[in-house]
*Asks:* 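Supplied in structure tokens, the structure appears directly below.
What you are looking at is a predicted structure, and each value in this text was computed from that prediction instead of being measured.
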Amino acid sequence: MNSEVSPLSSPKPARPPAPAFPLPQPRHASRLPAGLAPEDWARIRQAAYALPQVLVPADLDDGSDDALDRLGAIQIAKAAGGGRPSRWILPQHIPVALAQLDATPLANTLRALMQQRLHQLESLGLRREGLVFTRLCIHPITLAHEAWRIDLSHRVPVPEAPVWAFFRDGDQAALRHALGQAPAYSYQAELALHLNHLVARSEALADSAQLASLLPRLQAECGVPMPFDDLKAALTRAQDRWEQQVEEQSTLASLGRELAFQGYPDSFDAARKLGRKVTLYLGPPNSGKTHAAFERLAQALDGAYLAPLRLLALEGRDRLVGRGVPCSLLTGEESVPADNARVVSSTIEMVNTRDVVDVAVIDEAQMIFDDSRGWAWTQAIVGVPARELIIIGSAYAAPAIERLLQLCGEKPERRLFERKQHVQLMPAPVPMTQLQAGDAVVAFSRRDVLMLRDQIAQNGHAVSVIYGALPPEVRRREAERFAVGASDILVATDAIGMGLNLPIRRVLFSTLTKFDGVGDRELSVSEVHQIAGRAGRYGMHDEGFVSVLKEAEADAMKTLRQLLPKEPRAPRDFKAPVAPNWRHVETISRRLGVNKLYAVLNIFMQQLRLDDAHFAVAELEQMLELAEVLDRNAIALPLQERFRYAQAPVDSRLPMLVDQFHGWAQNHARTGKAGEPHFLDEYDQHGRLDRMEQALRICTLWLWLDLRFPGVFGYVEEVIDLRARLNDGIERQLKGKKALWQRRGR
């Protein structure tokens with residue numbers, strides 16, 4: 001018998017064994033510590049999303065996988081869809097990570113615990129910068145002049161071992177003991193000498209009252225950690241700006257001698273001369289801070305209320321008129337003077353920085369952190385010429401606002417407000433079929449608001465809606481319908497988080513994510529607080545509740561539970577955004593002989609970097625886009641008129657609107673007139689909802705331009721009439737029973 005095995009019956013070759021250490025990059029296996037067990041590597045992989053020892057590319061300045069690879073790090077996981085970054089760990093941190101898991105085993109609460117300890121570290125002045133932990137140290141420096149005290153902030157590296165120990169045990173006392181006393185500042189003697197020299201130089205230039213405004217400026221510079229040479233230069237610039245201000249006040253010299261970006265607050269001459277009394281009214285939504293501010297404003301000889309939205313400017317005007325205070329209205333598209341007006345209620349972009357008033361109120365000051373509109377709050381805070389200035393905002397914004405006021409030589413007082421009743425987190429999501437009168441359902445797009453409106457209406461509820469594309473008049477009518485009980489459910493975007501007084505008992509999130517113009521992201525802590533805070537309005541409901549719809553994404557309730565207990569935080573290393581005004585544009589153009597608006601704006605952006613410890617250029621992309629076309633098609637217009645055009649509220653997402661805008665400007669440059677408003681014949685109150693909303697944007701833009709170019713646009717009565725008819729048409733559709741979200745123009 002043949003003992004040879006047939007090829008058909010030969011055993012199959014054995015499969016190669018699976019790698020003991022599954023790695024996205026197998027070559028990294030050589031970097032693993034000797035003796036590491038596969039099961040320990042598996043533990044690290046499972047917990048990578050929560051371990052503080054794990055790195056992501058954003059932790060490095062380079063922000064790339066290659067940078068981590070060059071450092072010898074080991075890749076744990078590749079980047080994944082939805083924005084999840086790749087994850088890495090340094091070989092020497094693998095034993096530390098395993099010790100972390102021994103002390104704090106992997107569980108659903110691990111990530112939250114690590115985040116909590118990270119926040120505790122930051123409260124102690126510790127934070128991670130790249131691969132190094134640094135500690136914020138504050139050293140008092142006493143100056144020769146009247147024993148002035150300046151607190152110097154600087155950061156020093158700290159050993160990582162005590163920090164890792166804190167992540168394991170959460171023992172703050174042990175961490176403080178391990179770190180010991182803050183090390184001395186290496187340049188303390190040189191810095192004290194430099195400060196004393198600056199103050200001595202200043203003593204010869206001004207009286208004691210003027211000299212007192214130098215201290216907050218020097219403190220503002222020393223409060224930002226920076227290299228010693230940069231700090232010396234910043235202090236010298238601060239003293240130079242102060243000296244220039246004193247000189248200008250003494251000689252009544254024109255502010256045009258100084259470019260604004262060499263000292264932005266000092267470009268507001270009227271405000272700097274006043275010695276303003278500034279008070280911050282700080283507290284959460286529904287804490288009564290706005291009511292208290294209006295109480296003071298109503299008593300003023302004259303004043304201004306600066307609102308974040310046209311709707312709130314309208315509310316502010318009516319609020320004061322209801323108290324017998326004559327009040328004018330000024331927004332981007334309308335000026336409605338009142339006889340014997342004592343107060344002007346306006347949108348914040350319309351702030352008057354020339355005429356002195358008795359009292360001014362700036363509302364929703366935490367909007368200074370807004371990427372697109374924050375510049376308007378910077379301008380108002382430093383520039384409004386009021387003998388008494390009240391700034392209303394959330395407490396987390398106070399340090400940034402106080403630093404800005406210090407740069408003006410001003411020291412504000414704080415007045416704290418407590419919420420009358422707290423918002424309670426409900427134990428479970430709420431099904432859409434169990435909505436109750438007084439509920440507000442929150443979504444974050446026009447399409448989702450209309451879809452929810454239709455679905456809720458099918459269950460027999462009368463529904464009001466509020467979203468950004470609605471004109472203020474319609475938003476107000478919808479809010480009033482809900483307030484008087486004509487509708488029992490409100491469906492709204494985060495527009496309700498901005499000051500509207502509504503009888504909401506429960507706020508229910510339909511989602512905890514929103515599209516921010518770039519991509520979908522989770523709501524921030526401040527957004528959740530601002531919206532949830534609308535529940536349980538004092539005087540309307542005894543209590544307020546917040547939850548999510550059961551139809552929301554699966555982890556929405558979990559996300560809400562995580563975000564609601566957290567305190568809102570200001571952006572790290574925040575710099576106040578600044579946009580150019582005509583004084584900046586005119587000065588740059590005159591001094592440098594430049595007539596192209598696009599070039600002037602670019603110079604402004606470059607030169608402002610000279611003072612980038614405190615200020616940053618606002619997002620000017622749209623202004624630059626408009627300026628480039630205006631320079632090409634309407635160059636015959638004077639520079640100041642092109643600058644006005646470039647500030648227009650043109651929605652760049654509507655090409656038709658952009659084309660009309662440039663056509664009007666081109667006609668103006670060629671003939672002195674914008675031409676006829678053909679849109680008056682193209683739209684009426686019987687169109688589709690999205691078409692009427694589009695027409696309203698055209699009306700708003702036309703009225704905005706007419707207010708700034710008298711005699712060029714005209715047809716104001718006809719445009720206002722169309723706007724009123726469109727408002728009625730939109731309101732009629734919203735109150736109707738027809739489904740809206742499935743129709744064109746989602």
Side-chain angles (χ1 to χ4, degrees), residues 307-315 317 328-337 345-347 349-350 373 446 450 465-479 493 495 622 626 641 644-668 673-735 740 743-745:
L309 301 171
R310 178 170 171 254
L311 176 60
L312 293 187
L314 289 166
E315 267 197 8
R317 189 268 309 269
S328 298
L329 177 70
L330 180 63
T331 70
E333 63 199 72
E334 63 202 328
S335 175
V336 185
S345 180
S346 74
T347 45
E349 285 87 353
M350 302 298 292
R373 295 182 64 212
R446 172 188 183 276
L450 294 177
V465 299
I466 294 175
Y467 54 89
L470 287 181
E473 291 83 0
V474 176
R475 282 195 236 177
R476 198 172 187 179
R477 293 178 202 171
E478 288 290 285
T493 63
Q622 176 164 309
L626 295 179
E641 294 191 352
R644 282 186 206 144
Y645 268 110
Q647 298 172 80
V650 184
D651 191 336
S652 58
R653 295 168 299 180
L654 298 174
M656 174 275 302
L657 183 61
V658 176
D659 291 344
Q660 289 208 31
F661 167 79
H662 286 304
W664 298 336
Q666 197 167 6
N667 289 342
H668 181 186
K673 296 285 185 179
E676 294 188 10
H678 298 295
F679 61 88
L680 290 173
D681 301 321
E682 296 171 4
Y683 297 95
D684 61 30
Q685 66 273 31
H686 302 296
R688 295 193 317 269
L689 180 62
D690 63 301
R691 184 170 167 80
M692 288 192 286
E693 290 171 355
Q694 179 176 285
L696 274 167
R697 287 191 176 94
I698 301 174
C699 292
T700 296
L701 181 58
W702 182 277
L703 293 171
W704 190 97
L705 291 164
D706 177 78
L707 197 60
R708 286 152 183 80
F709 298 103
V712 175
F713 284 79
Y715 300 91
V716 172
E717 290 184 4
E718 293 91 334
V719 175
I720 290 176
D721 175 68
L722 175 59
R723 184 177 70 177
R725 288 186 284 117
L726 290 167
N727 286 337
D728 291 341
I730 291 173
E731 177 69 5
R732 185 172 59 253
Q733 287 211 21
L734 295 179
K735 289 168 65 176
L740 296 175
R743 301 169 76 179
R744 290 178 60 189

*Asks:* What pair of heavy atoms forms the shortest contact from Asp651 to Leu657, and how long is it?
*Replies:* N-CD2, 3.8 Å
*Asks:* Between the side chain of Arg373 and the main-chain N/O of Glu349, is any donor-acceptor distance below 3.5 Å?
*Replies:*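 No; judged by distance alone, with no hydrogens or angles, the pair does not exist.
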*Asks:* With salt bridge (charged side-chain N to carboxylate O under 4.0 Å, His left out) as the rule and sequence neighbours excluded, what pairs involving residues 698-721 come up?
*Replies:* Asp721-Arg725
*Asks:* Decide, yes or no, whether a salt bridge links Glu682 with Arg691 under the criterion of side-chain N to carboxylate O below 4.0 Å.
*Replies:* no
*Asks:* Indicate yes or no for a side-chain donor-acceptor contact from Glu473 to the backbone of Ala724 under 3.5 Å, with no hydrogens or angles considered.
*Replies:*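 No; judged by distance alone, with no hydrogens or angles, the pair does not exist.
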*Asks:* Check whether any side-chain heavy atom of Glu731 lies under 4.5 Å from a side-chain heavy atom of Glu478, and answer yes or no.
*Replies:* yes
*Asks:* May I ask you to decide if Gly711's main-chain N or O and Lys673's side chain share a donor-acceptor pair within less than 3.5 Å?
*Replies:* yes
*Asks:* So, the side chain of Arg317 versus the backbone of Ser345: is there a donor-acceptor pair under 3.5 Å, distance only?
*Replies:*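 Not at all, since once roles are kept as given, no pair shorter than 3.5 Å links the two residues.
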*Asks:* Taking the side chain as everything from C-beta on, heavy atoms only, tell me whether Trp704 gets closer than 4.5 Å to Gln647.
*Replies:*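 They are in side-chain contact.
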*Asks:* Glu333: what forms a side chain to side chain donor-acceptor pair (under 3.5 Å) with it, not counting sequence neighbours?
*Replies:* Arg723
*Asks:* Heavy-atom distance under 4.5 Å between the side chains of Leu470 and Glu693, does that happen here?
*Replies:* yes
*Asks:* Can I get a per-line list of side-chain donor-acceptor pairs under 3.5 Å for residues 674-681, giving both atom names and the distance, sequence neighbours left out?
*Replies:*
none

*Asks:* Which residue is it: Phe709, Phe661, Trp664? I am looking for the one with a ring pair (Phe, Tyr, Trp, His ring centres under 6.0 Å) to Trp702.
*Replies:*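 Passing option: Trp664.
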*Asks:* Do the rings of Phe713 and Tyr645 sit parallel, tilted or perpendicular, given the 30° and 60° boundaries?
*Replies:* tilted
*Asks:* So does Leu703 get a backbone contact from the side chain of Glu334, meaning a donor-acceptor N/O pair under 3.5 Å?
*Replies:*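 Judged by distance alone, no pair lies under 3.5 Å.
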